[in-house]
Amino acid sequence: MVRRARPAILLIGHGAMAAEVRAAALSTGLFDVGAVLVRHEKVGSVGAELNGYKVIDSLDELDFEPVLAAECASHSAVRQYGPGLLRLGIDLVIASIGALSDEALHRELEAAAAIGGAKLILPAGAVPGIDALNAALQGGLERVSYISRKPPAAWKGTPAESKLDLDTLDRAETFYTGTARAAARDYPKNANVAATVALAGLGFDATEVRLIADPAAGGNMHEIEAVGAFGRMQLSIEGKPLSSNPKTSSLAAYSTIHAILNRVRITEI
Ligand SMILES: NC(=O)c1ccc[n+]([C@@H]2O[C@H](COP(=O)([O-])OP(=O)(O)OC[C@H]3O[C@@H](n4cnc5c(N)ncnc54)[C@H](O)[C@@H]3O)[C@@H](O)[C@H]2O)c1
């Protein structure tokens, strides 16, 4: 494998978040996107769209040593490429963290990382305080809860539709209270933040999740509350989505970029 002068990453996916990562490579000048990994049937169209990038559909085509791989694609991409990359000794930043609610897959990834001597890197994504929550775990956490509050229309296409009339709702309604594991299973498209909070804190079975449809919510709001030996924290964020994908918070993309920059710059923050 070729070692490049400037560190290069393997980028998995070519959607909204991946576009932000490519833009950050150009604007910071601190890393290159050495290759973009896409589904087999997309190689031609993405190759034409991303002129100048090497577009591949298999890890067998990797002809350089990536400083890390950044998954910005889907739960299925984590399953498809994660174990292979980690076994090759390539660190993997995962945006689709909800995939780790599947315990068997999480174990498989950790086993592959142990074999390859690689790391699975979980960025904070769309929410604040994940570093503090994970640090607080060292002193002992008593309770961690996560509330996701979105406008009713944002819950369309989920089981919330069978619990509430999302078209006529005129006040905030909680339609799900339960564990992060069941929330990730039943609301997979909203699983990333619940999974991140669970993995940083008390785990999927002890993290309480509430999902709320709120006509007054201006956007996608996340609240995290934690109590433990460290004290108590209550954090909330109303994130702006990426214009290219209203389902993805811009902070989630910046958080993946932050993880890449931490690998390539001298000072880690
Ligand atoms: N951690 C967080 O807080 C957080 C927040 C928002 C989004 N996300 C996740 O980040 C991921 C990317 O988000 P996005 O806004 O860029 O999505 P997007 O839909 O705009 O783009 C996803 C891209 O990945 C490609 N893709 C999907 N499966 C693939 C596979 N198996 N192999 C190769 N390419 C594949 C798709 O073709 C598409 O181009 C999503 O899984 C999303 O759920 C995480």
Side-chain angles (χ1 to χ4, degrees), residues 10-24 33 35-50 53-62 69-85 92-102 105 120-131 133-134 146 148 150 154 157-158 180 183-184 187-200 209 219-224 235 237-260:
L10 170 66
L11 181 60
I12 307 172
H14 57 98
M17 195 181 280
E20 297 292 321
V21 173
R22 293 196 309 274
V33 174
V36 178
L37 181 58
V38 303
R39 287 195 175 105
H40 177 66
E41 65 277 14
K42 294 281 179 81
V43 172
S45 59
V46 178
E49 185 193 329
L50 301 184
Y53 288 90
K54 184 179 172 69
V55 177
I56 60 176
D57 65 358
S58 150
L59 297 182
D60 295 338
E61 291 177 72
L62 260 189
E71 177 278 322
C72 299
S74 64
H75 292 197
S76 70
V78 174
R79 191 179 304 277
Q80 199 173 343
Y81 311 115
L85 281 163
L92 176 62
V93 178
I94 290 182
S96 309
I97 294 181
L100 303 186
S101 63
D102 176 345
L105 175 61
L120 192 56
I121 300 164
L122 308 183
V127 283
I130 293 301
D131 52 349
L133 182 63
N134 194 241
Y146 162 60
S148 172
K150 297 184 182 183
T158 77
Y187 299 85
K189 289 182 189 151
N190 300 279
N192 291 312
V193 175
T196 307
V197 173
L199 288 160
V209 172
N220 295 351
M221 298 164 77
H222 307 281
E223 293 164 44
I224 298 170
L235 299 162
I237 182 169
E238 182 174 341
K240 284 197 176 154
L242 291 173
S243 54
S244 45
N245 185 352
K247 287 192 188 133
T248 292
S249 300
S250 51
L251 191 62
Y254 305 152
S255 161
T256 286
I257 294 165
H258 172 255
I260 297 167

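This is a predicted model, so every value here is computed, not measured. The first residue in the sequence is number 1, and the count goes up from there. We count ligands from 1, going down the list as the structure has it; atoms in each ligand are counted the same way.
- For ligand 1, the polar-atom distance check against S249 finds no nitrogen or oxygen pair separated by under 3.5 Å.
- In terms of protein heavy-atom proximity, atom 24 (O) of ligand 1 is nearest to A73 CA, 3.2 Å.
- Atom 32 (N) of ligand 1 has its closest protein heavy atom at Y81 OH, 3.2 Å.
- Every residue meeting the ring pair (Phe, Tyr, Trp, His ring centres under 6.0 Å) condition with Y187, not counting sequence neighbours, appears here in chain and number order: F175, Y176.
- Among protein heavy atoms, atom 27 (C) of ligand 1 sits closest to S74 OG, 3.4 Å.
- For atom 44 (C) of ligand 1, the choice among A95, P188, G98 with the nearest heavy atom turns out to be A95.
- Taking a cut-off of under 4.0 Å to the non-hydrogen atoms of V38, the atoms of ligand 1 that pass are 33 (C).
- In this structure, of T256, N220, T248, the residue bringing a heavy atom nearest to atom 15 (O) of ligand 1 is T248.
- The distance from the NE2 atom of H75 to the OG atom of S96 is 5.5 Å, given to the nearest 0.5 Å.
- The shortest contact between atom 23 (C) of ligand 1 and any protein heavy atom is with G15 N, 3.7 Å.
- Panel note: side chain S249, backbone L251; no donor-acceptor pair is recorded below 3.5 Å.
- Ranking protein heavy atoms by distance to atom 2 (C) of ligand 1, first place goes to N192 CB, 3.6 Å.
- To the nearest 0.5 angstrom, R79 atom CZ is 10.0 Å from S74 atom OG.
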Take Y81 and E71, measure what side-chain contact (heavy atoms from CB on, under 4.5 Å) needs, and give me the verdict at the end.
CA-CA 9 Å; Y81 311 115; E71 177 278 322; over 6 Å; no

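- The residue from N245, L37, I130 that puts a heavy atom closest to atom 18 (P) of ligand 1 is N245.
- Atoms of ligand 1 lying under 4.0 Å from at least one heavy atom of K42, given by number and element, are 37 (O).
- Remark: D57 engages H40, V43, E61 in a side-chain contact (heavy atoms from CB on, under 4.5 Å) (not counting sequence neighbours).
- Considering backbone and side-chain atoms together, M17 places an N or O closer than 3.5 Å to an N or O of ligand 1.
- In summary, the atoms of ligand 1 found under 4.0 Å from a heavy atom of G13, numbered by their order in the structure, are 24 (O).
- Within the model, atoms CG of L59 and CD1 of I12 stand 7.0 Å from one another, a figure rounded to the nearest 0.5 Å.
- If you check each of A16, P123, A126 against atom 3 (O) of ligand 1, the one with the closest non-hydrogen atom is A126.
- Partner T248 forms a side chain to side chain contact (heavy atoms under 4.5 Å, CB included) with one of N192, N220, L242 and no other, that one being L242.
- Separating the CG atom in L199 from the CD1 atom in I130 is a distance of 9.0 Å, to the nearest 0.5 Å.
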Can you check side-chain contact (heavy atoms from CB on, under 4.5 Å) on L120 and L122, steps first, answer last?
CA-CA 7 Å; L120 192 56; L122 308 183; 4.3 Å; yes

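- Among all non-hydrogen protein atoms, the one lying nearest atom 37 (O) of ligand 1 is H14 NE2, 3.4 Å.
- At a 4.0 Å heavy-atom cut-off, ligand 1 touches R39 through backbone and side chain alike.
- From H222, atom NE2 reaches atom OG of S148 across 6.0 Å, with rounding to the nearest 0.5 Å.
- Nearest protein heavy-atom contact of atom 41 (O) of ligand 1 is S96 OG, 2.6 Å.
- For atom 5 (C) of ligand 1, the closest non-hydrogen atom of the protein is A252 CB, 3.3 Å.
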